[in-house]
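Below is one structure, written out as structure tokens, with a few remarks after it.
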Amino acid sequence: MAQHTRIEVAGVMKETGMVPLFYHPDVELGKKVLKACYDGGARLLEFTARGDFAFEVFLELNKYAVKELPGMIMGVGSITDAAAASLFMQMGANFIVTPSLREDIALVCNRRKVLWSPGCGSLTEINKAEEMGCEIIKLFPGSTYGPGFVKAIKGPQPWTSIMPTGGVSTEESNLKAWFDAGVTCVGMGSKLISKEILVNQNFEELQNSVRETLDLIKKLRS
């Protein structure tokens with residue numbers, strides 16, 4: 001069962017401004033990534049469940065987070081149906097992220113008051129998601145739409161909270177464009193947790209990168 005309500009999770013997303021995204025089949029490597037992100041100041045992590053037996057990996061990572069990393073909020077991404085969402089929520093997922101808007105996922109998440117963030121690409125989809133109770137919209141793929149799309153949406157709908165994923169990097173110019181446009185937070189995968197870091201297992205570099213990125217976001221918002 002989730003340790004945090006959807007309102008609590010949405011609050012942390014807004015407060016920190018960044019959700020690291022990560023997948024790897026190796027549990028022990030995953031724990032080191034999780035610890036580095038945590039020590040760097042991140043309090044959320046989206047495990048992108050894309051591989052075989054990903055549920056087994058997430059289960060161990062979430063147990064580790066609950067036991068060893070107080071306040072770390074684990075969620076799951078790349079969820080495509082209600083059955084998968086229910087499975088991961090049973091393992092304690094605190095939020096569910098989807099590549100597209102699906103009402104069946106909204107229903108099972110709302111039933112348990114678990115935050116769900118659907119991938120949307122139009123104002124119609126965004127409105128539909130919000131009508132179904134969505135707190136934070138995932139703009140996906142972010143690189144296709146860009147900060148200009150966010151700014152256009154926020155004009156008539158300043159209440160809409162948006163998290164772009166894809167096309168977000170640690171560079172100041174990139175982050176400034178997104179936050180100036182009005183995003184609530186950003187989802188960041190390989191630009192933050194790179195293949196090189198994983199291959200070389202340079203977790204100190206990851207920790208520093210997470211800390212620097214969070215500090216930069218805080219600066220850009222001030």
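Ala85 approaches Ile105 most closely through the heavy-atom pair CB-CG2, 4.2 Å. Val76 approaches Ala93 most closely through the heavy-atom pair CG2-CB, 3.9 Å. Glu125 and Gly119 get closest at one heavy-atom pair: OE1-O, 4.3 Å. The two residues Val150 and Gly182 make their nearest non-hydrogen contact at CG1-C, 4.2 Å. Here the closest non-hydrogen pair linking Val210 and Cys37 is CG1-O, 3.7 Å. Minimum heavy-atom separation, Ser117 to Ile137: OG-C, 3.8 Å.
Between Ile162 and Thr184, every side-chain heavy-atom pair lies at or beyond the 4.5 Å cut-off. Side-chain atoms of Ile153 and Ile126, non-hydrogen and from C-beta on, do get closer than 4.5 Å to each other. Side-chain contact between Phe203 and Asn208: absent, with no pair of heavy atoms (C-beta onward) separated by less than 4.5 Å. Put simply, the side chain of Cys134 reaches to within 4.5 Å of the side chain of Pro118, judged on heavy atoms.
For Lys31, the NZ atom counts as densely surrounded, since its 6.0 Å shell holds more than 12 non-hydrogen atoms of other residues, nucleotides or ligands. Residue Gln157 places its CD atom among more than 12 non-hydrogen atoms of other residues, nucleotides or ligands, all under 6.0 Å distant.
Side chains of Glu130 and Thr160: a donor on one and an acceptor on the other come within 3.5 Å. Glu171 and Asn174 are not linked by any side-chain donor-acceptor pair at a separation below 3.5 angstrom, with hydrogens and angles left out of the test.
The line from CG of Leu206 to CD1 of Ile197 is 5.0 Å long, rounded to the nearest 0.5 Å. Between Met163 atom CE and Leu139 atom CG the span is 10.0 Å, to the nearest 0.5 Å. Residue Glu205 holds its CD atom at 12.0 Å from CD1 of Ile193, rounded to the nearest 0.5 Å. Here the OG1-CE distance, from Thr165 to Met188, works out to 9.5 Å after rounding to the nearest 0.5 Å. Distance check, rounded to the nearest 0.5 Å: CD of Gln207 to CG of Asn202 gives 10.5 Å. Note that the CH2 atom of Trp116 and the CD atom of Glu135 stand 10.0 Å from one another [nearest 0.5 Å].
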Donor-acceptor list for residues 6-21 side chains, cut-off 3.5 Å, not counting sequence neighbours:
residue: Arg6; atom: NH1; partner: Asn110; partner atom: OD1; Å: 2.9
residue: Glu8; atom: OE1; partner: Thr5; partner atom: N; Å: 2.9
residue: Thr16; atom: OG1; partner: Val12; partner atom: O; Å: 2.9

Validation: residues 49-75 side-chain donor-acceptor distances under 3.5 Å, sequence neighbours left out:
residue: Arg50; atom: NE; partner: Ser78; partner atom: OG; Å: 2.9
residue: Asn62; atom: ND2; partner: Met91; partner atom: O; Å: 3.0
residue: Asn62; atom: ND2; partner: Gly92; partner atom: O; Å: 3.3

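Neither Leu101 nor Val97 shares a network with the other; the hydrophobic side chains, linked directly or stepwise wherever heavy atoms of I, L, V, M, F, W or Y lie under 4.5 Å apart, form separate groups for each. Connection of Leu45 to Phe140 is not established within any shared hydrophobic cluster, with ILVMFWY side chains joined at heavy-atom distances below 4.5 Å, either directly or through further cluster members. Under the 4.5 Å side-chain heavy-atom criterion for grouping Ile, Leu, Val, Met, Phe, Trp and Tyr, Tyr23 is connected to Ile96 within one hydrophobic cluster. With hydrophobic clusters built from ILVMFWY side chains whose heavy atoms lie under 4.5 angstrom apart, Leu214 shares a cluster with Val186. Under a hydrophobic clustering in which Ile, Leu, Val, Met, Phe, Trp and Tyr are joined whenever their side-chain heavy atoms come within less than 4.5 Å, directly or via other members, Ile79 and Met89 fall into the same cluster.
When Asn94, Leu115, Val114 are each tested for a side-chain contact (heavy atoms from CB on, under 4.5 Å) with His4, only one passes: Asn94.
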### Message
Show, in sequence, the C-alpha distance, side-chain angles and deciding distance for Phe95 and Leu44, and conclude whether the side chain to side chain contact (heavy atoms under 4.5 Å, CB included) test is met.
### Response
CA-CA 10 Å; Phe95 60 95; Leu44 300 136; 4.0 Å; yes
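Using a cut-off of 4.0 Å between Lys/Arg side-chain N and Asp/Glu carboxylate O, Asp39 and Lys35 are scored as salt-bridged. Residues Glu172 and Lys219 are paired through a salt bridge, judged by an N-O separation under 4.0 Å between the basic side chain and the carboxylate.
In this structure, Ser86 contributes its side chain and Ala82 its backbone to a donor-acceptor pair below 3.5 Å.
Taking the ring axis of Phe179 as reference, the NZ or CZ atom of Arg221 does not stay both within 45° of it and closer than 6.0 Å to the ring centre.
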